[in-house]
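Reading through the structure tokens given below for one structure.
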Amino acid sequence: MNKTLRALIFLVALLFLARFSSAQNKIVVFQSDFGLKDGAVSAMKGVAMGVSTELKLFDLTHEIPAYNIWEAAYRLEQTVRYWPAGTVFVSVVDPGVGTARKSVVLKTKSGHYIVTPDNGTLTLVAQSLGIDEVREIDEAVNRRKDSQKSYTFHGRDVYAFTGARLAAGIISFEQVGPVLPKQVIRISYQQAVMEGKIIKGDIPVLDAQYGNVWTNIPDILFKQFKPKFGDMVHVVIFNKNKEVYKGDMPYSQTFGEVAEGKPLAYLNSLLQLSFALNMGDFAKTYQVASGGEWSVEVSLK
Amino acid sequence: MNKTLRALIFLVALLFLARFSSAQNKIVVFQSDFGLKDGAVSAMKGVAMGVSTELKLFDLTHEIPAYNIWEAAYRLEQTVRYWPAGTVFVSVVDPGVGTARKSVVLKTKSGHYIVTPDNGTLTLVAQSLGIDEVREIDEAVNRRKDSQKSYTFHGRDVYAFTGARLAAGIISFEQVGPVLPKQVIRISYQQAVMEGKIIKGDIPVLDAQYGNVWTNIPDILFKQFKPKFGDMVHVVIFNKNKEVYKGDMPYSQTFGEVAEGKPLAYLNSLLQLSFALNMGDFAKTYQVASGGEWSVEVSLK
Amino acid sequence: MNKTLRALIFLVALLFLARFSSAQNKIVVFQSDFGLKDGAVSAMKGVAMGVSTELKLFDLTHEIPAYNIWEAAYRLEQTVRYWPAGTVFVSVVDPGVGTARKSVVLKTKSGHYIVTPDNGTLTLVAQSLGIDEVREIDEAVNRRKDSQKSYTFHGRDVYAFTGARLAAGIISFEQVGPVLPKQVIRISYQQAVMEGKIIKGDIPVLDAQYGNVWTNIPDILFKQFKPKFGDMVHVVIFNKNKEVYKGDMPYSQTFGEVAEGKPLAYLNSLLQLSFALNMGDFAKTYQVASGGEWSVEVSLK
């Protein structure tokens, strides 16, 4: 009787563990600044398929502007959380290839794995999803065979190879290499803050396909204004402290609430305050770009 | 004996149904105007993989020009029929996001499913493949958990989520939501017609990669001319009734039948009359574009 | 006893064959000049999924410049070897569609299959990976049903269809069609050679995303200079024998070894001599392009 109960408890515990473990799930998602015009992305996927044909391979994007670590960090922040726990991301934006930057795998508290050079790419996900553990890739063992002569394609020979072996369960997370302190290289950027009756923030990225301007001001900060749909938002946009745009626009639930070509403020799919022209291109119209030099001030009229 | 026979008939009927049913086949094909530069497409796929890792995910295109519903309709028309019955398409070109347009799933008579805002995107496939049934997505149940706060990314939280659950067989077509009348929102466009000895038509789309001009004139209409390969076709192209191009070109079976840089008329892969320059770009050379304002008149010399 | 031994030897031989045979592995990799803006690539994949839903479909690139057979050849050369043996490649860059060029499948000595028009696309892989056998596609049987009326989309109706059936094991390599002589159409190009103290070569392709210039000079030729990292390489670049660039740059193991904006010579991921500007765009800065008309002369100072 007692035995049966213990067996039952053990079984439940096992199921519980299985449910909440972040075991790898055979999914690999690739990101890079390689573009899709040459064979680099395909070579990475070929190496992964050579590791295990059971893997499922996907792309985040390969159109990160060349060497733009900030945007690599932002795309991971925008995407990782929507994939199931256990997914392995391989991100290769690596201006310092061959220099002293470490090759690492971050396991987030959400159970996602990110294989990348530790060069700032992990800035945002480390903060939002939390660091469970960071390990340095031991390239002596985690490197494609016969690739020692090649100096420049770590993406294929180390990152894709290691990510594929981790995702396929051929190596455990521990076998990636030695554990590092729970920290990653971080890019500094202006955080969103309330100062008096004004919220200050920056423009980490544009929604380039539509020309919408996304800020890093989260809904919880903006909602301290207690805004109602239709309330007018006063927006000033600066480039290196020089005013580039000043205007008023309604806080809107849908783009269709303003006439075509008119501006509106809304919460984007990441629940950050954003600006758009209905059926138009805000960024192009007002010559707004993104990055550390671009900041915004927002108030409610 | 009688019993055995009945069982046999029942079995055969079952097999027959299985063969011809349009049961979902775990394939999801995505289309959007999101582009591939940010994380939006990847977030949709992550949500789908979170629904079931057994799904097979593909892309139609994500380079639909922003808000261009007509082109979304055309790309579906060009592609859906080549996928096996049971395939689920998720098409997100949605200028009216958040407005009163309905979110629907069309089941075509060919057994394909298309998950989309009902905003004209279904114009062409509803006509060519036929409407078996249209259902409105019940967003109270068919919506990603914890996504209620987000107003603008229906593609991820409703369309990808519902398409993935339908493709995986987690919900049946009936569980999508209430059945609607057998009709969809249609974009009006000029149909191809024979008027006397002239065929009139429009230019729904360009074969942009090569600069070929595709009309909506089907082979069965053009063949009323009884054309032989080598016969000269007289072509006039108008933009809002203003003549843009006038010329003669041979009806050709292959591009190589005319000299480099010379024009030819041919039937494209959808068996529609089209115009090209051998090894050249007809559209760019003669400044021809596509859409409702572009029309053609064709006759045989 | 003797019998047992023979059985054992037979078993070992079988296992050996299984290990080294190039049986198809259900992987299909597509390449074309179709771009990703329309439905052409998706239609090819739909046809493949209609052949077998067990196939795994991938892309090499679809951004080959229109009709550029040389670049198609180069991308295959850059990529095929990184995929497991048994992978089927479908490459459709076909300026002569409908003309007398043959539709073939090449089986390389490395066990890869390439389905393509034989128009020069196989120039480089035939040379580097070796020709095991070439077969002409018998279009009477290896053609999508009901596709006889369509003249122009061989990519979908013949190449994707045949590649999918071969990869799925529905047809054997022998069933592709009749065997041809062990040769393919080759594009002529200047090979890399040492002449006195100068190595001459050409620029087959640019690493366009970064603007790096790749030559066809392999490491084994360059290393006859016995270069050490830091040694200065003297580089002259010609377009049709007209000098376009002349300069000295260090042979470097990593980009970071020179200051930002400064040139370096390095071995790329294919172990060919290449030129770059650290954090810059060599090709754009010095107006260098690629192709048969571009040549280089390299010497060690």
Side-chain angles (χ1 to χ4, degrees), chain B residues 25-27 29-31 35-36 54 56-65 71-72 74-87 89 112 205-212 214 219-220 223 229 252-257 260 266-272 274 276 278-281, chain C residues 26 28 30 32-59 62-69 92-101 117 119 144-161 164:
Chain B
N25 59 14
K26 298 193 187 299
I27 298 175
V29 182
F30 292 91
Q31 169 171 275
L36 292 169
E54 286 182 20
K56 294 153 199 288
L57 308 185
F58 296 94
D59 300 300
L60 203 172
T61 178
H62 297 283
E63 305 290 347
I64 300 288
E71 192 158 325
Y74 192 82
R75 296 306 171 201
L76 288 171
E77 168 71 3
Q78 190 186 14
T79 311
V80 167
R81 67 191 67 204
Y82 296 107
W83 287 85
T87 298
F89 295 80
H112 298 95
V205 79
L206 299 177
D207 182 12
Q209 185 80 350
Y210 302 98
N212 302 336
W214 290 9
D219 63 333
I220 49 168
K223 286 188 172 165
F229 291 119
S252 304
Q253 190 168 11
T254 69
F255 281 36
E257 287 167 27
E260 278 193 30
Y266 70 105
L267 294 172
N268 69 11
S269 55
L270 295 170
L271 300 179
Q272 294 161 330
S274 302
N278 181 24
M279 306 295 285
D281 187 313
Chain C
K26 297 193 189 298
V28 185
F30 293 91
S32 76
D33 58 357
F34 300 162
L36 293 169
K37 290 186 181 167
D38 67 18
V41 171
S42 189
M44 290 201 297
K45 290 184 179 171
V47 164
M49 278 290 107
V51 165
S52 167
T53 55
E54 286 183 20
L55 292 173
K56 295 155 199 287
L57 310 184
F58 297 93
D59 301 300
H62 297 284
E63 306 290 347
I64 299 287
Y67 309 127
N68 191 328
I69 293 166
V92 192
V93 177
D94 195 8
V97 60
T99 64
R101 93 281 181 274
N119 56 13
R144 201 172 61 86
K145 239 199 297 188
D146 305 326
S147 69
Q148 301 86 342
K149 281 197 301 178
S150 172
Y151 301 112
T152 50
F153 203 177
H154 273 59
R156 182 189 64 206
D157 298 328
V158 175
Y159 299 130
F161 180 73

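To find a chain, count down the sequence lines: A is the first, B the second, and so on, and within it residues start at 1.
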Exercise for the section: Identify which part of B:Val29 has an atom lying under 4.5 Å from any heavy atom of chain C, answering side chain, backbone, both or neither. Expected result: side chain
Problem - Where B:Tyr82 and C:Arg144 come nearest, the two heavy atoms and their spacing - result: CE2-NH2, 3.4 Å
Fill in the blank from the handout: Quick note, salt bridge (charged side-chain N to carboxylate O under 4.0 Å, His left out) partners involving residues 76-87 of chain B, not counting sequence neighbours, are B:Glu77-B:Arg81
Practice task
For each of B:Val80, B:Val205, B:Asp281, B:Leu60, tally heavy-atom pairs with chain C at distances under 4.5 Å, and name the one with the top tally.
Solution key: B:Leu60
Practice task
Report the distance from atom NZ of B:Lys56 to atom CD of C:Glu54, rounding to the nearest 0.5 Å.
Solution key: 7.5 Å
Practice task
Measure the spacing between CZ of C:Phe153 and CG of B:Leu271 and express it to the nearest 0.5 Å.
Solution key: 12.5 Å
Fill in the blank from the handout: Bottom line for C:Val41: the part with an atom under 4.5 Å from chain B's heavy atoms is neither
Handout entry: Heavy-atom check, side chain of B:Trp83 versus side chain of C:Lys45, under 4.5 Å
Key = yes
Practice task
Return the set of residues passing salt bridge (charged side-chain N to carboxylate O under 4.0 Å, His left out) with B:Glu257 (not counting sequence neighbours), or none when no residue passes.
Solution key: none
Exercise for the section: Could you tell me which non-hydrogen atom of C:Gly46 sits nearest to which non-hydrogen atom of B:Pro84, and how far apart they are? Expected result: O-CD, 3.7 Å
Problem - No-hydrogen, no-angle side-chain donor-acceptor test under 3.5 Å, B:Tyr210 and C:Asp33 - result: yes
Practice task
Check each atom of B:Ile27 against the heavy atoms of chain C and say whether the ones under 4.5 Å are side chain, backbone, both or neither.
Solution key: side chain
Problem - Minimum heavy-atom distance B:Met279-C:Pro95, with the two atoms named - result: SD-CB, 3.9 Å
Handout entry: Neighbour count >12 (heavy atoms, 6.0 Å) for atom NZ, C:Lys37
Key = no
Handout entry: C:Asp38 side chain near B:Gln78 side chain, heavy-atom distance below 4.5 Å
Key = yes
Exercise for the section: Output yes when a side-chain donor or acceptor of B:Thr61 lies under 3.5 Å from a complementary backbone atom of C:Leu36, and no otherwise. Expected result: yes
Completion exercise
Scanning both residues in full, the closest heavy-atom pair of B:Thr79 with C:Ser42 reads CG2-OG, 3.3 Å
